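Please read all numbers here as calculations on a predicted model, not as lab measurements. Each chain gets a letter, A, B and so on, in the order its sequence line appears, and its residues count up from 1.
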Amino acid sequence: MSKKIRVRFAPSPTGGLHLGGVRTVLYNYLFARHNDGDFILRIEDTDQTRFVEGAEQYIFDCLQWCGIIPDESPLHAGEFGPYRQSERKPLYRQYAEQLVNDGFAYYAFDTSEEIEEKRKAIANFQYNHSLRVHMKNSLTLTITDTNQLLASGIPHVIRLKIPANEEIVFTDMIRGEVRFNSSQTDDKVLLKADGMPTYHLAVVVDDYLMKITHAFRGEEWLPSAPAHILIWKYLFGLENMPQWAHLPLILKPDGNGKLSKRDGDRLGFPVFAMNWTDPKNSELTKGFKELGFLPEAFVNMLAMLGWNDGTVQEIFSMNELIEKFSIERVHKGGAKFDYEKAKWFNHEWIKKAGPESLRKPVKDLLYRHGINANDDVYLEKIIRLVKDRCTLLPDFIQQSSYFFSTPEQYDLSAVKPKWNDQKQLLFIETIRQFELMQYWNAAELEKEFKEITAVNEIKPGEVLLPLRIMLVGGKFGPGVFEIAEVLGKQETIHRIKHFLGLLQQP
RNA sequence: GGCCCGUUCGUCUAAGGGUUAGGACACCACCCUUUCACGGUGGUGAUACGAGUUCGAAUCUCGUACGGGCUACCA
């Protein structure tokens with residue numbers, strides 16, 4: 001009987017939720033659900049200098065939009081709370097002190113100025129096994145002096161005493177065996193002067209206390225893994241340590257390097273899941289949601305950036321992803337983000353979606369553009385007709401606005417130069433015949449119109465485009481008779497008359 | 001600089017010693033469509049380089065190159 005699988009996503013609430021962050025959550029979530037495990041959201045807010053108003057709520061909102069609901073979180077506490085590290089502050093000191101007592105850590109009293117000085121003086125400065133003997137800490141001070149300093153309340157940190165020249169090996173679920181030499185890692189600060197733990201201590205203590213079985217995080221954490229492994233070994237035993245997987249990074253599309261918000265601004269695509277407004281300067285950064293992505297498409301696209309199920313299938317629903325996901329099939333190498341492909345995913349999902357599920361977002365969108373689409377049946381007919389030609393949600397504005405009012409703009413140049421009395425008469429006749437029609441549908445309309453052109457000895461091709469311009473205003477949109485069907489008899493005839501009037505003007 | 005991780009079409013990727021190295025996005029051409037898209041068919045295009053192991057290497061080993069990450073009392 002194996003332990004229940006428990007994974008966590010542990011973001012630091014410092015701003016917008018980045019693509020890479022969402023993908024990390026996603027992989028954690030998929031793994032948890034695939035294995036009937038728990039998915040925990042833990043807020044890592046130990047750096048009080050980086051507190052950002054609203055950032056935590058923003059993370060909840062993004063996860064909800066993506067359809068990722070944590071089993072345990074600050075909003076939905078389980079039995080391992082609290083779920084914010086700032087609220088767990090009193091927990092950490094005892095573990096740091098235990099390490100000191102066991103000889104695996106020590107108090108350090110160096111001020112940041114003193115460290116800066118050394119950093120400048122020594123090439124490749126690193127607070128490690130060889131340098132700590134020259135610094136001001138409980139290893140170099142006598143016990144009496146140390147206790148005196150401690151009692152005086154002087155600011156101090158607790159540092160991990162990383163041994164020299166010890167091989168640290170662990171198996172990463174994606175990368176296989178990874179080896180480090182302990183001499184390369186510095187004596188990480190575990191407890192800061194303000195009493196808060198650093199990430200290094202907190203992640204180990206909380207993963208232990210929350211019974212985390214698998215820890216997936218970005219590749220940027222790989223270099224500090226040996227420190228975490230050592231803490232695990234000293235505190236809770238390697239046998240209790242979660243299995244690690246370090247996820248590949250998402251890279252910028254051009255050039256090289258990790259994708260950042262700046263790249264999005266520079267290249268014109270979003271990198272945040274949802275709109276994020278920086279409370280400091282009120283600067284707004286657009287998100288995938290607001291730019292018109294469906295959450296299903298966003299999740300699907302992210303899942304495929306570094307993972308596949310081994311088949312040629314690319315379109316997956318969340319449930320399919322849960323069913324198929326395996327951490328071993330995640331790539332080792334980073335993936336460059338391709339906005340064109342992201343849009344393709346969205347287009348696929350819009351085509352796939354039923355008109356009824358698209359109704360709400362499209363209705364809201366139109367409303368924001370001054371169009372009241374209150375008739376649900378009418379709206380769904382329109383959506384069914386135009387969705388194939390919409391890549392992003394806002395495309396619905398151009399594709400459907402002419403269904404709600406006569407076109408504001410007419411592409412007259414497509415009609416006027418070739419206009420003549422014969423065509424004028426044909427459309428007058430069309431109005432007459434359309435008015436007599438009993439069954440108002442696309443097939444009947446097409447039949448009727450073709451008959452009129454035959455009688456008037458005009459090729460349909462000569463007048464089909466003008467008819468389109470009359471109804472739509474431009475050279476776009478679905479089949480012209482399908483549009484007329486949805487528009488209805490009265491409105492169709494009205495638009496033809498209206499346009500004929502326009503042509504009479506000089 | 002040091003340490004670690006990585007490297008298949010422009011991009012995302014398949015291929016776990018034997019394939020004409022497959023698919024998708026993008027691009028190009030044609031077809032469909034008397035609009036614009038969708039769709040269909042086809043095309044251009046890749047195993048970074050060098051050794052080795054092997055009858056046989058994209059695949060295993062080593063080296064080189066290139067790229068990335070880390071090198072904070074940030075996560």
**Student:** Under a 4.0 Å heavy-atom cut-off, which of residues 450-457 of chain A touch RNA chain B?
**Tutor:** none

**Student:** In the structure shown, which nucleotide is the Watson-Crick or G-U wobble counterpart of U34(B), with both distances under 3.5 Å?
**Tutor:**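 Per the H-bond distance test, none.
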
**Student:** Please determine if a side-chain N or O atom of R468(A) lies less than 4.0 Å away from the OP1 or OP2 oxygen of A37(B).
**Tutor:**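 The answer is no; no side-chain N or O of R468(A) sits under 4.0 Å from OP1 or OP2.
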
**Student:** Applying a 3.5 Å limit to both distances, which nucleotide forms a Watson-Crick or G-U wobble pair with A14(B)?
**Tutor:**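 Check on A14(B): unpaired, no WC or wobble geometry under 3.5 Å.
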
**Student:** As a test of the definition: with a 90° window around 0 for syn, would you call C38(B) syn or anti?
**Tutor:**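 Chi for C38(B) falls in the syn range.
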
**Student:** Give a yes/no answer on whether the side chain of R179(A) brings an N or O atom under 4.0 Å of OP1 or OP2 in C4(B).
**Tutor:**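 The answer is no; no side-chain N or O of R179(A) sits under 4.0 Å from OP1 or OP2.
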
**Student:** Which heavy atom in K475(A) sits nearest to a heavy atom in D411(A), and how many Å separate them?
**Tutor:**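 Result for this residue pair: CE-OD2, 3.6 Å.
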
**Student:** A26(B) phosphate, OP1 or OP2: any side-chain N/O from H347(A) under 4.0 angstrom?
**Tutor:**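 False: H347(A) side-chain N/O out of range (4.0 Å or more) of A26(B) OP1/OP2.
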
**Student:** Does K192(A) have a side-chain nitrogen or oxygen under 4.0 Å from the phosphate oxygens OP1 or OP2 of A72(B)?
**Tutor:**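 No, because none of the side-chain N or O atoms of K192(A) sits under 4.0 Å from OP1 or OP2 of A72(B).
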
**Student:** Does N124(A) reach a base, just sugar-phosphate, or nothing at all? Heavy atoms under 4.0 Å.
**Tutor:**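 Touches a base.
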
**Student:** How many whole angstroms separate atom CZ of F481(A) from atom C1' of C36(B)?
**Tutor:** 16 Å

**Student:** Partner of U61(B) by Watson-Crick or G-U wobble geometry, both contacts under 3.5 Å, or none?
**Tutor:**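 Paired with A51(B).
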
**Student:** Does the structure place the NZ or CZ of K416(A) under 6.0 Å from the centre of the six-membered ring of W419(A), at an angle of no more than 45° from the ring's axis?
**Tutor:** no

**Student:** Does some side-chain heavy atom of Y92(A) sit less than 4.5 Å from a side-chain heavy atom of M196(A)?
**Tutor:**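 The answer is no, as the side chains (C-beta and beyond) never meet within the 4.5 Å cut-off.
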
**Student:** Show your reasoning for whether side chain to side chain donor-acceptor pair (under 3.5 Å) applies to N181(A) and N165(A).
**Tutor:** CA-CA 6 Å; N181(A) 186 298; N165(A) 209 27; 2.8 Å; yes

**Student:** I want to verify a distance call: between U35(B), C73(B), C4(B), whose nearest atom is closest to the T198(A) side chain?
**Tutor:** C73(B)

**Student:** Using a 4.0 Å heavy-atom cut-off across all strands, classify G306(A) as base, sugar-phosphate, or nothing.
**Tutor:**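 Touches sugar-phosphate only.
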
**Student:** Under the side chain to side chain donor-acceptor pair (under 3.5 Å) test against R132(A), which residue among D187(A), D110(A), N137(A), T140(A) passes?
**Tutor:** D187(A)

**Student:** Just compare G1(B), A14(B), C5(B) and give me whichever is closest to any side-chain atom of N308(A).
**Tutor:** A14(B)

**Student:** May I ask you to say whether E177(A) pairs ionically with R179(A), meaning some side-chain N is under 4.0 Å from a carboxylate O?
**Tutor:**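 Yes, charged N to carboxylate O under 4.0 Å.
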
**Student:** Please determine, for G1(B), whether a Watson-Crick or G-U wobble partner exists with both distances under 3.5 Å, and give it or none.
**Tutor:**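 When the pairing criteria are applied, U71(B) turns out to be the nucleotide that pairs with G1(B).
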
**Student:** Any base atoms under 4.0 Å from G333(A), or only sugar-phosphate, or nothing? Heavy atoms, all strands.
**Tutor:** sugar-phosphate

**Student:** In whole angstrom, what separates E219(A)'s CD from U7(B)'s P?
**Tutor:** 10 Å

**Student:** Could you check how far CD of E482(A) sits from P of C38(B), rounded to whole Å?
**Tutor:** 17 Å

**Student:** For the pair made of NZ in K336(A) and P in U8(B), what is the distance, rounded to whole Å?
**Tutor:**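 In whole Å, U8(B) P lies 10 Å from K336(A) NZ.
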
**Student:** Under 4.0 Å between a side-chain N or O of K188(A) and OP1 or OP2 of U71(B)?
**Tutor:** no

**Student:** Rounding to a whole Å, what distance do you find between R329(A):CZ and G16(B):C1'?
**Tutor:**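 After rounding, the reported distance stands at 10 Å.
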
**Student:** Tell me what D110(A) touches on the nucleic acid: a base, only sugar-phosphate, or nothing, going by heavy atoms under 4.0 Å.
**Tutor:** base

**Student:** What nucleic acid atoms does V472(A) come within less than 4.0 Å of, heavy atoms only: base, sugar-phosphate, or nothing?
**Tutor:**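 The answer is nothing, as V472(A) stays clear of every strand by at least 4.0 Å.
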
**Student:** Can you identify which nucleotide, out of A26(B), C12(B), U34(B), has its nearest atom closest to the A335(A) side chain?
**Tutor:**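 Of the options given, the side chain of A335(A) lies nearest C12(B).
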
**Student:** Measure from the side-chain heavy atoms of E314(A) and tell me the nearest of G6(B), C74(B), G23(B).
**Tutor:**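 The answer is G23(B).
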
**Student:** Decide yes or no, distance alone: a donor-acceptor N/O pair under 3.5 angstrom between the base of A24(B) and the side-chain of K341(A).
**Tutor:**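 It does, because a donor-acceptor pair links the side chain of K341(A) to the base of A24(B) below 3.5 Å.
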
**Student:** Watson-Crick or G-U wobble partner for A21(B), using a 3.5 Å limit on both distances?
**Tutor:** none

**Student:** At under 4.0 Å between heavy atoms, what does P155(A) touch on the DNA or RNA strands: base, sugar-phosphate, or nothing?
**Tutor:** nothing

**Student:** To the nearest angstrom, how far is Y127(A) atom OH from A72(B) atom P?
**Tutor:**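 Whole-Å distance recorded here is 14 Å.
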
**Student:** Whether T311(A) contacts G23(B) is assessed here as follows: a side-chain N or O lying under 4.0 Å from the phosphate OP1 or OP2. Is that the case?
**Tutor:**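 Checking T311(A) against G23(B): no side-chain N or O falls below 4.0 Å of OP1 or OP2.
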
**Student:** Over 60° means perpendicular and under 30° means parallel, so tell me whether F170(A) and F180(A) are parallel, tilted or perpendicular.
**Tutor:** parallel

**Student:** So which nucleotide from C73(B), C25(B), C38(B) ends up closest to the side chain of R159(A)?
**Tutor:**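 Minimum distance to the R159(A) side chain belongs to C73(B).
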
**Student:** Between C38(B), G68(B), G6(B), which one does the side chain of L249(A) approach most closely?
**Tutor:**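 From the listed options, G68(B) comes nearest.
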
**Student:** With a 3.5 Å limit on both atom pairs, tell me what A29(B) is paired to, counting Watson-Crick and G-U wobble, or say none.
**Tutor:** U41(B)

**Student:** What nucleic acid atoms does R50(A) come within less than 4.0 Å of, heavy atoms only: base, sugar-phosphate, or nothing?
**Tutor:** base

**Student:** So, are E114(A) and K118(A) salt-bridged, with charged N and O less than 4.0 Å apart?
**Tutor:** no

**Student:** How is K258(A) classified with respect to the nucleic acid when contacts are heavy atoms under 4.0 Å: base, sugar-phosphate, or nothing?
**Tutor:** sugar-phosphate

**Student:** OP1, OP2 of U35(B) versus side-chain N and O of R389(A): anything below 4.0 Å?
**Tutor:** no

**Student:** Report which part of the nucleic acid L464(A) touches: base, sugar-phosphate, or nothing (heavy-atom distance under 4.0 Å, all strands).
**Tutor:**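 Base contact.
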
**Student:** Send over the distance from Q85(A) CD to A75(B) C1', rounded to a whole Å.
**Tutor:**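 Those two atoms, CD and C1', are 10 Å apart.
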
**Student:** Please report the closest heavy-atom contact between T14(A) and V52(A), naming both atoms and the distance.
**Tutor:**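 Minimum heavy-atom contact is O-CG2, 3.5 Å.
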
**Student:** Strictly below 4.0 Å: does H246(A) bring a side-chain N or O up to OP1 or OP2 of C5(B)?
**Tutor:**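 Checking H246(A) against C5(B): no side-chain N or O falls below 4.0 Å of OP1 or OP2.
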
**Student:** Looking only at non-hydrogen atoms, find the nearest pair between L30(A) and M318(A) and report the distance.
**Tutor:** CD2-SD, 3.9 Å

**Student:** Should G6(B) form a Watson-Crick or G-U wobble pair with both distances under 3.5 Å, which nucleotide is its partner?
**Tutor:**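 Paired with G6(B), as far as the under-3.5 Å criterion goes, is C66(B).
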
**Student:** Write down the atom of Q126(A), the atom of S183(A), and the distance for their closest heavy-atom approach.
**Tutor:**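 In this case the closest contact between Q126(A) and S183(A) is OE1-O, 4.2 Å.
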
**Student:** Under 4.0 Å, heavy atoms only, any strand: does V157(A) hit a base, just the sugar-phosphate, or nothing?
**Tutor:**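 Result for V157(A) = base.
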
